[in-house]
Trainee: 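Let me begin by handing over the structure; questions about it come next.
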Amino acid sequence: MSINKEIKRVTTNTLQKMKETGERISMLTAYDFSFGRIIDDSGIDIILVGDSASNVMAGHETTLPITLDQMIYHAQSVVRGISRCLVVVDLPFGSYQGNSKEALASAIRIMKETGAHAIKMEGGEEITEGIRRIISAGVPVMGHLGLTPQSIYKFGTYQVRAREEAEAEKLRQDALLLQEAGCFAIVLEKIPATLAGEVTGSLTIPTIGIGAGGACDGQVLVMHDMLGINHEFRPRFLRQYLNLHEEITKAVRQYISDVKSGDFPNEREQY
Ligand code: KIV
C-alpha cells in the first residue's frame, strides 16, 4: 500500500492567511543542510538564512563582512534539506544599497542559484525603490525595521531602537511604505512592545518580531541562540530552549576520555 504523503508547502499566501486567522508564525534561522532539515521536519513555518551567519558561522563581530557568494552557499545548503517551509534569504550588506539595479541583480542571483523562495532586506524609505523593482520581477520581499544590524556603525549600539518619538514615528511610516511597496511581511527587531503592537495593528501584512514583544504576528530567533550553542549571548528577549554548548562539551570530553583510555572503539565498534 502506498501512503499519499502530500506535502503542504508554506507560501507567502499561507502567511497572509495566518495573519488573517490569528495563527502565529514561527521562524528560525538556519545556515546549513543538517539543521535546515531538522528545523523543517519539526514543522517551522519559515527558515531565515540570515546574514547572522556572519556572526554565528564565520565568527565575525558584525553582519557586514558576509558576501553574496557566501549567503548563496548557505542558502543552497539549507534548501537541499527542506521540503515544506518557506526559505527567506538575507541580501547581505553592500549587495543592494547602491541602487535598485544592483538590488535586483543580487536578488535574482539568490533566486536562480539557491532555489530559495524570498529575500529579506533591511531598511525603510531609502530602499523602497529597490524593493519595488525586485517585487516587479516576481521575487517576494520581507522587510526588516528597528534594530537593523547592517547599520550597526550608524547606531553605535545594539540597544533597543525607536524609544524616542521621532524614531518611532519614522518606523511607523516606514512600515506603511514597505507594505505599499509590496513586502509580504516585516521583521521588527528590538523595539518597544507597544510600538510593535501598534505597527502590527496598522498593517494588513504580518509582522515577525525579535525582541519586539508578543503582539507581533510571528516570532523569529537565531537558532544558535535558542539552542544555547552561542551560550554567552543572553539578551532579555532570548528564550534558551537547550544548553547545547554544555551538552556538546560534555560529549566531546567523554569522547576524548574514551579515546585516551582505549575504551573507544570497543569490539562491537570495529570490523
Ligand atoms: O540575520 C538574522 O538572523 C536576522 C534575524 C535576527 C531577524 O536578520
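The figures that follow rest on heavy atoms only: side chains count, while hydrogens, waters and symmetry mates do not. First listed ligand is number 1; within each ligand, the first listed atom is number 1. Just so it is clear, the model here is predicted, and its values are computed rather than measured. Residues take their numbers from the sequence shown, with the count starting at 1.
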Trainee: Does a side chain donor of either T204 or Q179 reach within less than 3.5 Å of an acceptor in the other side chain?
Mentor: yes
Trainee: Answer yes or no: is there a side-chain heavy-atom contact under 4.5 Å between E122 and D51?
Mentor: yes
Trainee: Hey, are D258 and Q254 close enough side-chain-wise for a donor-acceptor pair under 3.5 Å?
Mentor: yes
Trainee: Checking side-chain polar atoms at under 3.5 Å, does E189 have a donor or acceptor matched by the opposite partner on H144?
Mentor: yes
Trainee: Let me see the working for H224 and Y31 under ring pair (Phe, Tyr, Trp, His ring centres under 6.0 Å), right down to the final yes or no.
Mentor: CA-CA 10 Å; H224 285 62; Y31 318 101; 5.6 Å; yes
Trainee: Between ligand 1 and the protein, give all atom pairs where both partners are nitrogen or oxygen and the distance is under 3.5 Å, as lines of names plus distance to 0.1 Å.
Mentor:
unit_1: ligand 1; atom_1: 1 (O); unit_2: D51; atom_2: N; d: 3.2
unit_1: ligand 1; atom_1: 1 (O); unit_2: D51; atom_2: OD1; d: 3.0
unit_1: ligand 1; atom_1: 1 (O); unit_2: S52; atom_2: N; d: 3.0
unit_1: ligand 1; atom_1: 1 (O); unit_2: S52; atom_2: OG; d: 3.3
unit_1: ligand 1; atom_1: 1 (O); unit_2: D90; atom_2: OD2; d: 3.1
unit_1: ligand 1; atom_1: 3 (O); unit_2: S52; atom_2: OG; d: 2.5
unit_1: ligand 1; atom_1: 8 (O); unit_2: K120; atom_2: NZ; d: 2.9

Trainee: So, T29 and S52: side-chain donor and acceptor under 3.5 Å apart, yes or no?
Mentor: no
